[in-house]
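Only one structure is covered here, and it is reproduced in the block below.
No hydrogens, no waters, no symmetry mates; every other heavy atom, side chains included, goes into these values. On a predicted model such as this, the values are computed, not experimentally measured, just so you know.
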Amino acid sequence: MPMDPGPEESSETTGSIKDLILEQDEAASLIKNRSLLEPNEIVDEERIVGRDSQLTEITQHLRVAISNERPPNLLLYGPSGTGKSLIINAVCQNIGELCESRDIRFGVIQMNCQNIGTLGAAVYELARKVGNDIGTTVDVPEHGVPNKKKWRELYRLINEHYDTVVFILDELDMLVGRRDKDEPAFSRLLYQLSRAGGTDEITAQVSVTAITNDTKMMENVGSRALSSFTPEDVHFSDYDANQLREILRAREDAFHEDVLSDDVIPLAAAFAAQTNGDARQAIDLMRTAGSIAEKTGANEVREEHVREAQDKVEKNRVLEVTRGISTQKKLCLFATAAVACETGTGAAKSPIGYRVYQYLTGTLDSDQYHQETYVNKMKELTTYSLVETERKSQGPHSGSYLEFTFGENPKTIIETLREDSRLNDVHEDELRTVVNAQLNQ
């Protein structure tokens with residue numbers, strides 16, 4: 001009968017695990033500063049490149065805080081990974097240091113709205129973040145009290161501890177809230193925060209910076225919020241390949257000297273430029289390539305490590321996005337990606353995508369919606385930066401259609417969606433035959 005391991009055997013096991021950790025740590029000798037390869041790391045200002053005009057513009061707007069004046073509200077908009085959060089955080093950090101030297105109590109409260117469900121949850125989270133910033137607790141519970149009490153607590157904390165506070169609301173368009181309301185939760189949040197300075201409830205100066213990837217977000221802001229928010233707009237465009245190369249070169253000292261082959265940075269920048277001009281993606285590629293090289297025991301990071309990293313990063317990103325979407329959206333996306341694979345351009349016309357969607361729903365015995373619903377669900381997927389839409393004309397007498405263009409490789413999207421067991425039942429050759437039959441009509 002086997003005996004339980006005694007203390008001596010357990011200690012040997014523990015020792016061997018420690019030895020393994022130390023061996024792996026010694027082998028991982030290519031990267032010396034991993035924090036520089038974290039896409040959301042706030043880096044020193046000399047590492048910020050390719051955003052001179054946005055940096056200058058935001059600085060001009062916010063600099064009045066060092067004279068104890070209220071900065072204007074800002075709207076930073078543009079695609080994901082184009083430096084919006086990086087720039088506003090860097091500017092606010094420097095303004096905070098200057099204010100401190102002048103005995104001005106300046107605060108920055110940042111909240112990512114992606115996973116905040118309701119207006120009440122958003123107000124409580126802001127109060128909690130203020131409490132963390134000043135080292136105190138929030139005196140109201142998260143649940144079971146009216147939102148008015150949460151607002152009063154937030155205002156109390158601000159009044160007692162700040163002269164000026166900047167609220168940075170990242171991915172604000174994701175704060176939709178309850179569907180039975182006349183306007184989305186982000187509109188009501190903007191209204192309350194931007195009008196706070198004009199009420200007796202708050203004496204500190206409040207400035208709001210809204211950050212969004214959705215260029216049409218302001219179209220869904222209610223009239224009251226529009227009249228009180230009135231932001232200064234700052235647009236962030238995609239990085240081009242040259243700017244992405246500069247960004248990566250500004251972080252190449254994350255690696256030990258002479259371990260990056262000459263083609264690593266240009267290739268990582270080119271991959272990121274081909275998709276969305278996303279700096280986060282370029283930095284993530286470098287980090288993943290370095291980790292792959294270390295795991296394989298390579299003495300340098302080479303082109304093949306970047307290519308393997310590109311495949312891995314693409315699949316991880318698509319998996320993260322698609323894991324949470326509904327079955328119907330998966331079917332719409334799967335059908336459209338299948339068309340884009342066969343066209344060879346990464347694009348698919350909506351009428352053809354819909355007919356393939358009809359084939360899929362019939363094959364899987366799933367609910368089938370009208371073409372308008374299919375188009376709307378594909379439009380909704382644009383908020384995840386998986387696809388872009390463009391209306392195109394078929395000619396003066398033939399009407400128009402939407403064309404969906406994929407930011408990621410559509411083959412990667414199909415491979416990832418096939419992890420859903422139902423979609424994996426779709427026969428690959430049969431699907432390709434159906435798609436090509438529709439394309440050749």
- [ ] Inspect the surroundings of CD in Glu252 and state if more than 12 heavy atoms from other residues, nucleotides or ligands are less than 6.0 Å away.
- [x] yes
Distance col, row Ile134:CD1 vs Tyr162:OH, nearest 0.5 angstrom, shows 5.5 Å
State whether the side chain of Gln328 and the backbone N or O of Asp367 hold a donor-acceptor pair below 3.5 Å, judged by distance alone.
yes
Would you say Arg251's side chain and Leu36's backbone share a donor-acceptor pair under 3.5 angstrom?
yes
Open item on the list: So that I can tick it off, tell me whether Glu153 and Arg156 are bridged by a salt bridge, with the cut-off set at under 4.0 angstrom between side-chain N and carboxylate O.
Closed with: yes
Between Gly353 and Val339 the two heavy atoms that sit nearest each other are CA-CG2, 4.0 Å
Note to self: With side-chain contact (heavy atoms from CB on, under 4.5 Å) as the criterion, how do Leu439 and Asn436 come out once you've worked through the C-alpha distance, each side chain's angles and the decisive distance to 0.1 Å?
What the structure shows: CA-CA 5 Å; Leu439 288 171; Asn436 282 305; 4.1 Å; yes
Of all heavy-atom pairs linking Ser291 and Ile31, the shortest is N-CD1, 4.2 Å
Closest heavy-atom pair, Thr82 versus Ser237, reported as atoms and distance to 0.1 Å, is CG2-O, 3.3 Å
side-chain hydrogen bond (donor to acceptor under 3.5 Å, both in side chains) with Gln110: of Asp133, Asn89, Thr209, only one passes, and it is Asn89
Could you check if a side-chain atom of Val234 sits within less than 4.5 angstrom of a side-chain atom of Leu75, using non-hydrogen atoms only?
-> no
| query | With no hydrogens and no angle check, is any side-chain donor or acceptor of Glu171 less than 3.5 Å from a backbone partner on Thr212? | reply | no
key: Heavy-atom neighbours of Asp233 CG exceed 12 at 6.0 Å   = yes
With Arg245 as the cation and Tyr239 as the aromatic partner, state whether NZ or CZ is under 6.0 Å from the six-membered ring centre and within 45° of the axis. no
| query | Does Arg47 come within less than 4.0 Å of Asp253, counting only side-chain N to carboxylate O? | reply | yes
Exercise. For Asp365, does the CG atom have more than 12 heavy-atom neighbours from other residues, nucleotides or ligands under 6.0 Å away?
Worked result: no
Side chain proximity check, Leu189 to Leu169, heavy atoms < 4.5 angstrom:
yes
Is it true that Glu430 and Tyr359 share a donor-acceptor pair across their side chains at a distance under 3.5 Å?
yes
CD1 of Ile87 to CG of Leu55, rounded to nearest 0.5 Å, is 5.0 Å
- [ ] Test side-chain contact (heavy atoms from CB on, under 4.5 Å) on Asn299 and Val259 and set out the steps.
- [x] CA-CA 7 Å; Asn299 58 6; Val259 302; over 6 Å; no
Side chain of Ser187, backbone of Gly222: donor and acceptor closer than 3.5 Å?
yes
Open item on the list: Are the side chains of Ile414 and Cys341 in contact, using a 4.5 Å heavy-atom criterion?
Closed with: yes
Shortest non-hydrogen pair, Arg418 vs Asn424, comes out as O-CB, 3.2 Å
Inset, instruction - Check the pair Val387 / Met378 against side-chain contact (heavy atoms from CB on, under 4.5 Å), numbers first and verdict last. - result: CA-CA 8 Å; Val387 291; Met378 286 302 299; 4.2 Å; yes
_Any side-chain heavy-atom pair of Arg249 and Ile265 under 4.5 Å_ = yes
Shortest non-hydrogen pair, Ser228 vs Tyr191, comes out as OG-CD1, 3.6 Å
Problem - Heavy-atom donor-acceptor pair, Arg422 side chain to Leu364 backbone, under 3.5 Å - result: yes
Separation between CG (Leu154) and CG (Leu193), nearest 0.5 Å, reads 7.0 Å
Check your understanding: With a 4.5 Å heavy-atom cut-off, do Cys92 and Ile168 have their side chains touching?
Key -> yes
* Is there a donor-acceptor pair under 3.5 Å between the side chain of Ser227 and the backbone N or O of Arg224? -> yes
With a 3.5 Å distance limit and no angle check, can you tell me whether Thr288 reaches the backbone of Leu285 through a side-chain donor-acceptor pair? no
Rounding to 0.5 Å, atoms CD (Glu294) and CG (Leu30) come to a distance of 4.5 Å
In this structure, CD of Glu342 is separated from CG of Asn440 (nearest 0.5 Å) by 10.0 Å
More than 12 foreign heavy atoms under 6.0 Å from NZ of Lys329: is that the case here?
yes
_Audit row: Thr336, Tyr374, side chain to side chain donor-acceptor pair (under 3.5 Å) steps and yes/no_ = CA-CA 10 Å; Thr336 313; Tyr374 157 80; 2.8 Å; yes
One should read off an interatomic distance between Arg287 CZ and Ser35 OG, to the nearest 0.5 angstrom, of 12.5 Å
inquiry  = Within the structure provided, determine whether Gln368 and Gln358 are in side-chain contact (heavy-atom separation under 4.5 Å).
reply    = yes
- prompt: Donor-acceptor pair, Asp278 side chain versus Ala272 backbone, under 3.5 Å?
  reply: no
Main-chain N/O of Ile292 paired to Thr296 side chain as donor or acceptor, under 3.5 Å: yes
Steps toward salt bridge (Lys or Arg N to Asp or Glu O under 4.0 Å) verdict (Arg307, Glu303) = CA-CA 6 Å; Arg307 294 189 181 279; Glu303 176 185 337; 2.9 Å; yes
Shortest non-hydrogen pair, Phe229 vs Leu74, comes out as CZ-O, 3.6 Å
* Salt-bridge contact Glu428-Arg432 (side-chain N to carboxylate O under 4.0 Å) -> yes
Exercise. Dump the intermediate steps for side-chain contact (heavy atoms from CB on, under 4.5 Å) on Lys32 and Phe255, then the final yes or no.
Key: CA-CA 5 Å; Lys32 68 176 181 180; Phe255 294 86; over 6 Å; no
What I'd like to find out is whether the side chain of Ile413 reaches to under 4.5 Å of the side chain of Asn409, using heavy atoms alone.
no
For this session: Report the C-alpha separation of Asn73 and Ser194 in whole Å, then their side-chain angles, then the decisive distance to 0.1 Å, and conclude whether the side chain to side chain donor-acceptor pair (under 3.5 Å) test is met.
Result: CA-CA 8 Å; Asn73 297 323; Ser194 58; 5.0 Å; no
Q) If only atom types and distance count, is the side chain of His305 paired as donor or acceptor with the main-chain N or O of Arg302 below 3.5 Å? A) yes
* Is there side-chain contact between Thr164 and Arg70, with heavy atoms separated by less than 4.5 Å? -> no
